[in-house]
K.L.:
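After the structure tokens below, expect a handful of questions from me.
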There are 6 protein chains.
Amino acid sequence: MFVPKRIVEEKLRQILSDDIGQGDVTAAAVIPANLAVKAEVIAKEQGVAAGIEEAVFIAEYLGLMVKAKVVDGEKIKGKQVLIQISGDAQTILSLERTMLNLLSRMSGIATKTRMLTERLENAKLKTKIAATRKSAPGLLYFDKKAVVIGGGDPHRLHLDDMVLIKDNHLAIVGSVEEAVKKAKAYGSFTKKIEVEVTCIKDALKAAEVGADIIMMDNFSPKQAKEAGKALKEAGFDKILLEVSGNITSDNLLEYAVAQVDIISLGELTHSIKALDISLEITTP
Amino acid sequence: MFVPKRIVEEKLRQILSDDIGQGDVTAAAVIPANLAVKAEVIAKEQGVAAGIEEAVFIAEYLGLMVKAKVVDGEKIKGKQVLIQISGDAQTILSLERTMLNLLSRMSGIATKTRMLTERLENAKLKTKIAATRKSAPGLLYFDKKAVVIGGGDPHRLHLDDMVLIKDNHLAIVGSVEEAVKKAKAYGSFTKKIEVEVTCIKDALKAAEVGADIIMMDNFSPKQAKEAGKALKEAGFDKILLEVSGNITSDNLLEYAVAQVDIISLGELTHSIKALDISLEITTP
Amino acid sequence: MFVPKRIVEEKLRQILSDDIGQGDVTAAAVIPANLAVKAEVIAKEQGVAAGIEEAVFIAEYLGLMVKAKVVDGEKIKGKQVLIQISGDAQTILSLERTMLNLLSRMSGIATKTRMLTERLENAKLKTKIAATRKSAPGLLYFDKKAVVIGGGDPHRLHLDDMVLIKDNHLAIVGSVEEAVKKAKAYGSFTKKIEVEVTCIKDALKAAEVGADIIMMDNFSPKQAKEAGKALKEAGFDKILLEVSGNITSDNLLEYAVAQVDIISLGELTHSIKALDISLEITTP
Amino acid sequence: MFVPKRIVEEKLRQILSDDIGQGDVTAAAVIPANLAVKAEVIAKEQGVAAGIEEAVFIAEYLGLMVKAKVVDGEKIKGKQVLIQISGDAQTILSLERTMLNLLSRMSGIATKTRMLTERLENAKLKTKIAATRKSAPGLLYFDKKAVVIGGGDPHRLHLDDMVLIKDNHLAIVGSVEEAVKKAKAYGSFTKKIEVEVTCIKDALKAAEVGADIIMMDNFSPKQAKEAGKALKEAGFDKILLEVSGNITSDNLLEYAVAQVDIISLGELTHSIKALDISLEITTP
Amino acid sequence: MFVPKRIVEEKLRQILSDDIGQGDVTAAAVIPANLAVKAEVIAKEQGVAAGIEEAVFIAEYLGLMVKAKVVDGEKIKGKQVLIQISGDAQTILSLERTMLNLLSRMSGIATKTRMLTERLENAKLKTKIAATRKSAPGLLYFDKKAVVIGGGDPHRLHLDDMVLIKDNHLAIVGSVEEAVKKAKAYGSFTKKIEVEVTCIKDALKAAEVGADIIMMDNFSPKQAKEAGKALKEAGFDKILLEVSGNITSDNLLEYAVAQVDIISLGELTHSIKALDISLEITTP
Amino acid sequence: MFVPKRIVEEKLRQILSDDIGQGDVTAAAVIPANLAVKAEVIAKEQGVAAGIEEAVFIAEYLGLMVKAKVVDGEKIKGKQVLIQISGDAQTILSLERTMLNLLSRMSGIATKTRMLTERLENAKLKTKIAATRKSAPGLLYFDKKAVVIGGGDPHRLHLDDMVLIKDNHLAIVGSVEEAVKKAKAYGSFTKKIEVEVTCIKDALKAAEVGADIIMMDNFSPKQAKEAGKALKEAGFDKILLEVSGNITSDNLLEYAVAQVDIISLGELTHSIKALDISLEITTP
């Protein structure tokens, strides 16, 4: 998910522009023009930093001097200075909220993801935590990047990078078997094929007709384990197993112990707890 | 916040386009072209519906037949059908996630807001719940609209519609008094002036030089009550009082009892619990 | 109305791009590539400079060296050099007309506004001159900014920053009283409420139900004075009074003497006399 | 200058969107949703209608029913109904100002142009009135179209459709002769070549090296007549003669009598008197 | 690569808008407004139709009546009518060239692709023809879609849908082995990994560390065959083999006979022979 | 066709952005961040360089150091280094294909154009080679510029810079005479008028009513010569003659010998042979 700085800037400029509207009337009225000040972006609670790169890009784009004191993915503590900024006061104040909204959302996502990935790592399990496409509308790039920074897998980036056959596709096509066959026949060889199944029998059929990844929807850890076993016994030891649905912090390890390869969670990006981060002017 | 349908459509088209990328490879490979199907958008849990209008706009824009079964702001139950859709299967499947991301985020925000506003209403208190600008990046319009649907006040829509002097402005200008004076002198008569204060003394000064709204930052309910009393005694009975910071579901009523006019909460829009909503193809 | 430079640049780039089309065929054919020249932007008549900031932004954006010799709002004389530019000849010639169109329109607006505000200041009157939304299509930002530079108030910036109930709203709602009540009930506490009235009786009603500003449409100076008096007698001494319609340079002072707070004039932005400004290449 | 409706709509949508911002807070607060009303666009003074097509396009685009009662270019009287509209009240009120700004500016330009072209026609003179590129920033298309509707020639549409060598090009190239030669050598055969001259001698030189049109800058009517005569005597009877600069309503006929082909006036588009046009809700 | 019609329309609108510029001056000057005519899009030579869907989309978008007489992928003969259009004459004439440019390029690509795929099919070989990213700048979507219509595989759609390690990546990373290991470690499980190799040894190494597809750069048919054999003997019978470079119509079958899975050709999209297609007005 | 660098950058940014999508997953996975490398853009075959300026613009825009070793229009040999680049490895690799697609297409067009123009120059003929609007969709600017770099004339840049009456216009208007008359009456004096004719009689009529350029459609060299002779004999020695249709490398000289002024060829831009150009990382 490498995107050249100038392309990211354009996304950020649009976000800022939406907030600016016809102009920041507060900065215009109470802050002198061309006044140089310094400011710090400070974490108010511990977590994992994300969005630092974007914050630096947009601040530099606006002509500010910026110095990141942490890198994306770094663990941060409360009161820690994340970024030092200096430059035009009106510009800093107009940018403040946009920058903090980015940082606090992305850091919130990264923090939650890291918490889960560490739980797996601590248990010496190789299962991966993955995002879904359940992001805030229009924020696929930033949300997925935050998951990656937190140690998770971004999963499908959008609709063009993978064949992912879900319940609604199956409702139309009729069967897992038929759907995967169509994907093999009409899809590009460059794309992996993943299919959602609701029982072990369908998992086996999917494997037989060539699915690369099998998503077990709402399987219990026990069912997931059995599915994995059945697939291995049938010789499909290279197929990846993903579970999705009903997974919580509490039962996460049970799934991982069941040796699924990927656990994907919509809540990583659709239900956020923003990390508390603020900006403080340090020199008037 | 009325926006003509066609202007909203353009925002929605951009969000959808980002998800589509170079094309939906799954729909292309496994779903027949020009196949008419029916689908339902169904709530999986109770809450307050929001984003229904947007969902209808984008579906109609794509040429689908849509029938909303609830209106924005309506209370919904689990398993309730929110929207019925019919039309081209590939189009519905390509739209599904974008539509659900909008609905589940906006409904999540509206549900949380309604929960808080009802708590105040049930206690027969007139205090209003308000949003802040702490939205997801770029989603000011949708997030604010969801708060309004939930019964809250959108507060400042972005940087151009109100003078809101916060701690960082004060750090530069030096005093509440000076900042409000500048806002009166250099701002437009069309804008209300709100200023953040950290003590009752500053609240009184702000009132004296003409602030319309006083935001009490991190005041306890007791302090807030005292500030209100002091202002009334000084004859400033038309000034609105807003509290912000450290407000939780638990102490919300205490603030309201203290007769503050507005309680604003960043978490309404920065820390979301998405409402669980899904789309189901009902006829293959 | 502070807008960060890079956001303004984007607006200016679009304006320039529209003029460039598929390319400047004259500069391409007759001017050598990569030839460095100097140029001056010169006022051909006296007035008030506006658009200097925009001119500098767009010239710098294109890689030219620019030095502003005056600041926005400064009085300028005929033959006065406003800006010195040096750099690539083809670029300067391609930019010339776009830059001059901005400068001459904005300076024309600022000059007219200043003329009127000075008339009031000279008479020691505190009444403000204000713009309306009657700008050239799409030029709200530049037109309003020019009015501010000329000493006027920008009034409402667009449709999102103030509730302004006009004749057509009233034609639907039925009465001033009802309309203002609705605005109080359904609008945000962050927005001022202004309402247009056609008689003193309605002005009083508007005040009683909480309007912040009353716009007296086509009132004579005498009527305006009476309205102000009636409102003060009824205790509404904080309500702002605005007159609009039928105001000319001749009767401007009469209205101001009548102690209205704001005189708004559509002609400031819809009927322009551009200030004559030209660009001259000074070194071949 | 034919532009398909859908392309014009996109320009108009951007203009409207800029005015809407985060939403029309007045329509939202005081006007019921989904209320059907009727409205009329009415001229408040006589003139020439222009912008009718654009007004219809944008209103239809927003889903309103629209009926134009006049066509672009038609003479209109005070109190005349120009357009009838019916549909959603909030939409009509949000569109009102954008639509009127377009109509009043374009009609103002068309009215002024028609006044001048009729003066020439009444005197049985074939000289044409032409616009320049001195439009409001970004409004080349609408301003030029209004001139055409008024009976004028749009002149160069922007920088790509004609070679027009002006004083600043000459300051760099050195001589009219050299500049036109370069244009012939390096420009495309598809473009006409016009060159600005300040004396008859240069006019003759320009003709000799192949200019198609000669722009006489600040020539008196007498000088213009002599130039025309000199060119004819030299056999250049197909070259078009344009005068520009210092032309007023008073001396317009003198130039025309001097048999120049084109009189171009910057003031047609840079110094506007908007035609007074309003919208009135006719059924509540 | 399914893209909803309205998203494709937006791409097409931009292409058309670029051609229209400030307006079609020919249609405006010589064609009456609002004149209904009929037209036919006719093939001037045989080939495979592509771009029909896009042509229909853009024509309908502009308000024309359109009837496609062939579907994308259908073989067409010289003089065959592809599309019938009726509606506004000025609109049809303004659209003509944009529509034909799309049709003739896409049909040219599809025709060439079909010619190659048929050669393989006729020889009963299962090798696939694939595109590369060597499209015309900005036309990835249309060029890839045309290849698919012609029976080819679109290959990677752009940079986000597959890991494709090429010579320049290897020049930095050092070895095929190291690069593929990194891709496995840091890439998402959702993406296939392809790597370019220049010798059989590297092909084996790539397979050992987990590459999904091996691109043999400039291999002779004999070398390609040996590589395939070596991989199968080593047990890597599920790895896909792609050849690229130096493939011509003449040696295409030799590679296919060598049992490579995919033959990718840059020339399919970078070196085009447009299919000759024209539009004819059939009723004046 | 001079376009300021920053305007071209915007076109290039959009092209790059389309290729980047949600991010370059290969560069992200296998290439270290912030690694400085050097690279060279190298011709793999001889031809004429074009697109060098664009390649430099986009590389500089992305923050890379770039040094062009050739200028647009220069003849290049196989293995010749065209551009040296240094900077961030991930950025260079993400840009590689977009840059090469531009360079190879534009150089391919310039090379073909130069080949034809040189054939005419070598025969001491003054006939010009010209492009048409038959470009790749959306690439008018780049395709036309490449033709100019190759020594050809860009012809009409798009629909706004010239009146060009073609067969379909004539099918509606009825006759060459009538169409040219309308163009003279309703078109601007700033535009040349060209008309397509199919016989000498129509060529004469077109000349009589004032056409500037006559396009002889599918004339044989002999017919073209006769047409030229007839026009000269009738005194129309300033009218330009263009031939179009059925012109090949073989009969090109015959047309030129027939003294037509312009030979326009659609294949210059619709049927491309891309010049083989590659980028090589030179320091790991």
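Just so it is clear: chains get the letters A, B, ... in the order the sequence lines come, proteins before strands, and each one is counted from 1.
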K.L.:
Please flag which part of L62(F) lies under 4.5 Å from any non-hydrogen atom of chain A: side chain, backbone, both or neither.
P.N.:
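Both parts, heavy atoms under 4.5 Å.
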K.L.:
Under 4.5 Å, counting heavy-atom pairs only, tell me which of H158(A), E9(A), K5(A) racks up the most with chain F.
P.N.:
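When all of H158(A), E9(A), K5(A) are compared, H158(A) has the most.
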K.L.:
Side chain, backbone, both or neither: which part of S17(F) has an atom under 4.5 Å from a heavy atom of chain A?
P.N.:
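For S17(F), backbone and side chain are both near chain A.
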K.L.:
Kindly check if the number of other-residue, nucleotide or ligand heavy atoms within 6.0 Å of CD (Q46(A)) is above 12?
P.N.:
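Not buried by this count: 12 neighbours or fewer within 6.0 Å.
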K.L.:
Quick check for you: to the nearest 0.5 Å, what is the distance between D24(F) atom CG and E96(F) atom CD?
P.N.:
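The CG atom of D24(F) sits 10.0 Å away from the CD atom of E96(F).
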K.L.:
Select one option (side chain, backbone, both, neither) describing which atoms of L157(A) are under 4.5 Å from chain F's heavy atoms.
P.N.:
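For L157(A), the contact with chain F is made by backbone and side chain together.
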K.L.:
Counting heavy atoms not belonging to E60(A), are there more than 12 under 6.0 Å from its CD?
P.N.:
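Count over threshold, so yes.
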K.L.:
Taking side chain as C-beta onward, heavy atoms only, is I15(A) less than 4.5 Å from F142(A)?
P.N.:
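Yes. Closest side-chain heavy atoms under 4.5 Å.
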K.L.:
Which region of E10(A), side chain (C-beta onward) or backbone (N, CA, C, O), has a non-hydrogen atom less than 4.5 Å from a non-hydrogen atom of chain F, or is it both or neither?
P.N.:
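It is the side chain, since no backbone atom gets that close.
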K.L.:
Let's go through D153(A) and H155(A) carefully: what are the C-alpha distance in whole Å and the side-chain angles of both, what is the deciding distance for side chain to side chain donor-acceptor pair (under 3.5 Å) to 0.1 Å, and is it a yes or a no?
P.N.:
CA-CA 5 Å; D153(A) 190 290; H155(A) 211 297; 6.0 Å; no
K.L.:
Heavy-atom pairs under 4.5 Å with chain A - which of T91(F), I31(F), L16(F) has more of them than the others?
P.N.:
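Top option by heavy-atom pairs under 4.5 Å: T91(F).
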